[in-house]
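All residue numbers in this chain count up from 1 along the given sequence. All heavy atoms count here, side chains included; hydrogens, waters and symmetry mates do not.
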Amino acid sequence: MGCSQSSEIEVSAPTFMDEVGSAPTSMAPKSEPRSIPETKIQPEVEPIVVAAPPPRYIIEEETVFENGAVHYVILGPNELVIKKRYSDFKVLHAALVTDGRELPEMPDVTLWSALSRHNGQLISDRRQRFQEIIDCVAANHHDTSAMQAFTAGGRSI
C-alpha cells in the first residue's frame, strides 16, 4: 500500500513532565505571596482611677488650761491647724454614729475624770483614743458634713 505521498514522520506528544517542568512563556513569573499586615485588636480597657489617699490628721499636742480645759492641737492636710476639745470630738462622734457609721468608742466620762482633768495619764489616754477616732474618720468618712464642720475652725500655718 504504498502511497507515494505518505512518509514516516515521528511525532512526539508532550509528556506530563514537559507540562509541569517548564512554564509556558505566556505566563508571568510567580511572585512571592503578599503578607497581610497583622492587625492587633486591643480590648477596651477601662481607665484605672487611683483614688487619692485619705487626708491625714495628727494630734500633735495638747494644751491644759488652769480651768481644766484641754485643747488638742491637730495638724491636718495643707498645713491646717485645728484646736479641739473633748466636746468637739463628742459632737463629731455623735453625728457620725447617728448616721450609722462605725467608730471607736469615745473615752469614758466619769466623776473621777471630771475631777482629775490635769491627770497626765488621763490626757494621754484620751489623746490616743481621739487619734484612733480621727484616723477612722479620715480614712472612711472624711467627706461627710460632720467632718467638714469639725475642720472648719482650723487655720493654715
Side-chain angles (χ1 to χ4, degrees), residues 16 19-157:
F16 175 75
E19 290 179 16
V20 174
S22 63
T25 56
S26 63
M27 288 182 64
K30 288 186 178 181
S31 62
E32 291 294 318
R34 292 187 328 172
S35 63
I36 300 172
E38 205 174 294
T39 305
K40 293 183 180 181
I41 300 174
Q42 296 290 333
E44 285 191 34
V45 178
E46 299 265 338
I48 297 173
V49 178
V50 178
R56 183 89 170 114
Y57 296 89
I58 306 224
I59 300 176
E60 185 69 23
E61 63 184 46
E62 60 279 327
T63 304
V64 182
F65 293 94
E66 285 185 29
N67 66 358
V70 180
H71 287 200
Y72 296 90
V73 179
I74 306 165
L75 301 179
N78 302 319
E79 299 182 0
L80 183 68
V81 177
I82 309 163
K83 292 181 182 178
K84 296 296 178 183
R85 296 178 59 174
Y86 182 97
S87 59
D88 297 315
F89 281 95
K90 186 176 177 180
V91 168
L92 171 66
H93 192 274
L96 291 172
V97 169
T98 300
D99 282 348
R101 318 281 179 144
E102 291 187 27
L103 295 173
E105 293 293 321
M106 282 288 290
D108 290 332
V109 176
T110 63
L111 179 59
W112 180 83
S113 64
L115 295 175
S116 52
R117 292 187 200 179
H118 293 325
N119 181 297
Q121 187 62 46
L122 174 72
I123 293 169
S124 177
D125 290 347
R126 283 186 173 181
R127 176 179 174 171
Q128 183 178 354
R129 181 57 61 92
F130 289 151
Q131 187 65 59
E132 292 171 9
I133 292 169
I134 201 92
D135 287 346
C136 181
V137 173
N140 303 305
H141 317 295
H142 65 275
D143 57 350
T144 62
S145 59
M147 186 59 172
Q148 290 171 359
F150 184 80
T151 60
R155 60 176 173 78
S156 293
I157 53 172

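Contact record, C136 with L103: SG-CD2, 3.6 Å, taken as the closest heavy-atom pair. The two atoms that bring P104 and E132 nearest to each other are CG-O, 3.9 Å, heavy atoms only. Between P54 and A138, the shortest heavy-atom distance links the atoms CB-O, 3.2 Å. N119 and Q121 make their closest contact through OD1-N, 2.8 Å (heavy atoms, listed as atom of the first residue, atom of the second, distance). Minimum interatomic distance between I134 and M147 (heavy atoms only, all atoms of both residues): CD1-CE, 3.9 Å. Smallest separation of non-hydrogen atoms from Q148 and D143: NE2-O, 3.8 Å.
With hydrogens and angles disregarded, a donor-acceptor distance shorter than 3.5 Å links the side chain of Y86 to the backbone of P107. Under the 3.5 Å distance criterion, the side-chain polar atoms of D88 are matched with a main-chain donor or acceptor of R85. With hydrogens and angles disregarded, no donor-acceptor distance shorter than 3.5 Å links the side chain of H141 to the backbone of V137. One N or O on the side chain of N67 and one on the backbone of A69 form a donor-acceptor pair closer than 3.5 Å.
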Go through it in stages, so that I can follow the logic: the residues are V81 and I74, the test is side-chain contact (heavy atoms from CB on, under 4.5 Å), and I'd like the CA-CA distance, side-chain angles, deciding distance and then a yes or no. CA-CA 6 Å; V81 177; I74 306 165; over 6 Å; no
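Here the side chains of V64 and I123 are in contact, with some heavy-atom distance below 4.5 Å. By the 4.5 Å heavy-atom criterion applied to side chains, R129 and E105 are counted as neighbours. R127 places none of its side-chain heavy atoms less than 4.5 Å from the side chain of Q131. Within the 4.5 Å cutoff, no side-chain heavy atoms of E102 are placed close to those of L96. V109 has its side chain within reach of R126: a pair of non-hydrogen atoms, C-beta onward, lies under 4.5 Å apart.
Atoms CD and NE2, from E62 and H71 in turn, are 12.0 Å apart once rounded to the nearest 0.5 Å.
For the ring-ring contact (aromatic ring centres under 6.0 Å, His included) condition, the pairs that include at least one residue of residues 87-111, sequence neighbours left out, are F89-F130, F89-F150.
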